[in-house]
Number of protein chains: 2
Amino acid sequence: MSSSALPYRPHNHQACVTQALADARAICQQHNARLTPTRERVLELIWQSHKPLGAYDVLAVLAEDGHNAAPPTVYRALDFLQQYGLVHRIASLNAFTGCTHAGKSHNGMFLICRWCGNVLELTAPAVSSAVNTAAAEESFRPEDVTIEVSGCCPRCAADNAHD
Amino acid sequence: MSSSALPYRPHNHQACVTQALADARAICQQHNARLTPTRERVLELIWQSHKPLGAYDVLAVLAEDGHNAAPPTVYRALDFLQQYGLVHRIASLNAFTGCTHAGKSHNGMFLICRWCGNVLELTAPAVSSAVNTAAAEESFRPEDVTIEVSGCCPRCAADNAHD
DNA sequence: GCAAAATTTGCAACATTATAACATTAGCAA
DNA sequence: TTGCTAATGTTATAATGTTGCAAATTTTGC
Ligand SMILES: [Zn+2]
Ligand SMILES: [Zn+2]
Ligand SMILES: [Zn+2]
Ligand SMILES: [Zn+2]
């Protein structure tokens with residue numbers, strides 16, 4: 001592993017976007033799903049940074065694009081993208097972020113920096129396994145697991161002494 | 001442990017409410033915090049069942065009470081109750097549930113039944129520890145951890161064959 | 001007690017996030 | 001072409017949450 005995960009250090013972010021779009025095209029093709037221009041554009045916008053974007057933020061940019069869009073346009077695109085595992089909704093932020101493990105089956109866990117807003121998506125098998133064990137002890141059958149950790153990322157911790 | 005946790009089987013729920021209110025009074029007294037009538041009533045309403053209640057659900061009952069309440073009344077009461085660890089907000093539901101570990105320091109993990117709506121709050125040290133380890137590997141300092149598991153509770157699994 | 005200060009509440013307006021319902025259009029196949 | 005299905009446009013509305021300020025209540029210092 002690198003000394004610091006992508007969102008937390010400068011990187012060629014355009015490469016992230018390009019890769020995400022390429023992955024998305026491949027995944028949609030595999031599933032005979034149509035990555036229409038609107039859907040692709042929304043995905044691209046979500047990927048503009050590693051900070052989650054609200055649906056209405058997306059909507060605003062579409063409007064700048066000259067696209068005469070209403071909320072359902074965005075929500076439908078986001079639903080589609082979620083369905084194919086291309087974006088995740090961050091419940092604690094009411095916002096959406098590009099999946100960094102698209103295509104692979106994974107249980108996302110999100111590290112959300114309170115200061116810079118960047119989000120790192122992890123696949124943490126130990127966490128998933130602990131959650132499953134805890135659920136099993138209650139005879140509970142998990143179907144969807146939300147793990148969102150809010151805190152301070154390494155970069156922001158270095159930049160200044162918060163608190 | 002009992003064969004099945006409280007929310008998942010019939011029980012004298014009034015005892016849950018009474019206990020929760022008594023705990024709340026004690027905790028507030030300890031902290032010199034004022035459990036005013038409105039706050040206490042909101043806590044009582046949240047505890048009406050083990051199903052999380054939306055802020056506007058609470059508001060509606062207050063209105064039935066004859067209490068001329070507006071949204072801020074409810075949100076302020078809920079903020080207060082959260083501050084003293086008496087209720088938790090379930091981000092994936094936009095709803096609130098009474099804390100079943102009030103007073104004790106704990107990292108809640110919530111098992112949310114899709115079918116009956118009941119929520120079981122667990123303290124799962126193994127999960128917390130796995131989350132902390134995963135965060136530490138990224139040099140991330142967690143401040144607030146949200147773990148919400150949506151699925152099928154034992155009772156609903158027994159009642160019928162969903163899916 | 002009593003006035004000043006701090007906390008809590010009432011209230012109106014507003015902001016944000018998300019969905020419902022139905023008409024229209026675009027892609028595709030017989 | 002024609003008909004079917006998926007996708008989008010459009011309008012309205014629902015659901016959730018916040019801001020700002022004034023009034024009332026409670027606490028504090030005297
Ligand atoms: Zn993912
Ligand atoms: Zn940061
Ligand atoms: Zn709790
Ligand atoms: Zn159930």
Side-chain angles (χ1 to χ4, degrees), chain A residues 24-25 28-46 51-63 65-84 86-97 112 117 146 148 150, chain B residues 24-25 28-43 45-46 51-84 86-97 117 146 148:
Chain A
R25 282 184 208 107
C28 287
Q29 199 156 42
Q30 272 174 24
H31 293 79
N32 283 314
R34 291 170 51 203
L35 190 61
T36 61
T38 301
R39 291 167 174 172
E40 184 168 329
R41 178 64 175 144
V42 169
L43 180 59
E44 186 185 16
L45 291 176
I46 291 293
K51 303 182 211 291
L53 222 51
Y56 279 76
D57 296 327
V58 173
L59 187 59
V61 182
L62 288 184
D65 281 2
H67 186 308
N68 189 5
T73 301
V74 174
Y75 282 102
R76 288 195 281 229
L78 289 171
D79 284 349
F80 172 88
L81 295 170
Q82 280 186 268
Q83 195 179 328
Y84 290 97
L86 301 172
V87 309
H88 294 291
R89 180 170 191 274
I90 309 293
S92 57
L93 299 178
N94 293 337
F96 300 82
T97 193
I112 306 163
T146 299
E148 299 173 11
S150 171
Chain B
R25 282 183 208 109
C28 288
Q29 199 156 42
Q30 273 174 24
H31 294 78
N32 283 313
R34 292 166 51 199
L35 190 61
T36 61
T38 301
R39 290 167 175 173
E40 184 168 330
R41 178 64 173 143
V42 169
L43 180 59
L45 291 176
I46 291 294
K51 303 184 211 290
L53 220 52
Y56 279 74
D57 296 328
V58 172
L59 188 58
V61 181
L62 288 183
E64 287 175 17
D65 281 2
H67 186 307
N68 190 4
T73 302
V74 173
Y75 281 103
R76 288 194 282 229
L78 289 170
D79 285 349
F80 172 90
L81 296 169
Q82 281 187 268
Q83 194 177 330
Y84 290 97
L86 301 171
V87 309
H88 294 291
R89 180 169 192 277
I90 308 294
S92 57
L93 298 177
N94 294 337
F96 300 82
T97 192
T146 299
E148 298 173 10

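These numbers come from a predicted model, not from an experiment. Below, read A as the first sequence line, B as the second, and so on, with proteins coming before strands; counting in each chain starts at 1. Reckoned from all heavy atoms, side chains included, excluding hydrogens, waters and symmetry mates.
- When the C1' atom of C:dT8 is taken as reference, atom CG of B:L35 falls 13 Å away, rounded to whole Å.
- Summarising the geometry, the separation between CG on A:L59 and C1' on D:dT8 is reported as 14 Å, rounded to the nearest angstrom.
- For A:E40, the salt bridge (Lys or Arg N to Asp or Glu O under 4.0 Å) partners at least two apart in sequence or on another chain are A:R25.
- By the stacking rule of 5.5 Å between ring centres and under 30° between planes, B:Y75 does not stack on the base of D:dT18.
- Counting any heavy atom pair closer than 4.0 Å across all strands shown, A:R76 reaches a base atom.
- Considering only heavy atoms from C-beta on, B:T73 comes within 4.5 Å of B:H67 through its side chain.
- Nearest approach of B:L53 to B:L45, heavy atoms of both residues: CD2-O, 3.5 Å.
- Considering only the side chain of B:R39, C:dT8 comes nearest among C:dT8, D:dT16, D:dT10.
- At whole-Å resolution of the value, CG in A:L62 and C1' in D:dT10 are 16 Å apart.
- Two residues, B:A55 and A:A70, neighbour DNA chain D, and the one matched to the more 5' nucleotide by heavy-atom proximity is A:A70.
- Regarding A:L93, its CG atom lies at a distance of 10 Å from the P atom of C:dT17, rounded to whole Å.
- Heavy atoms of other residues, nucleotides or ligands lying less than 6.0 angstrom from CD of A:Q29 number 12 at most.
- Residue A:T73 places at least one side-chain N or O under 4.0 Å from the OP1 or OP2 atom of D:dG9.
- Between the side chain of B:R39 and the backbone N or O of B:R34 there is at least one donor-acceptor pair closer than 3.5 Å.
- The base of C:dA18 lies close enough to the side chain of A:Y56 for a donor and an acceptor atom to sit less than 3.5 Å apart.
- Here the P atom of nucleotide C:dA18 and the CG atom of A:L78 are 9 Å apart, to the nearest Å.
- As rounded to whole Å, 10 Å separates atom P of D:dT16 from atom CZ of B:F96.
- As rounded to whole Å, 17 Å separates atom C1' of C:dT9 from atom CD of B:E40.
- In this model, the phosphate group of C:dT17 is not approached by any side-chain N or O of B:N94 to a distance below 4.0 Å at OP1 or OP2.
- Nearest nucleotide to the side chain of B:R34, out of C:dC11, D:dT27, D:dT10: D:dT27.
- Look at CZ on A:R89: it is 12 Å from P on D:dT16, rounded to the nearest Å.
- Of the side-chain N and O atoms in B:T36, one or more sit less than 4.0 angstrom from OP1 or OP2 of C:dT9.
- Residue B:N68 has its side chain nearest to C:dC11 when only D:dG17, C:dT19, C:dC11 are considered.
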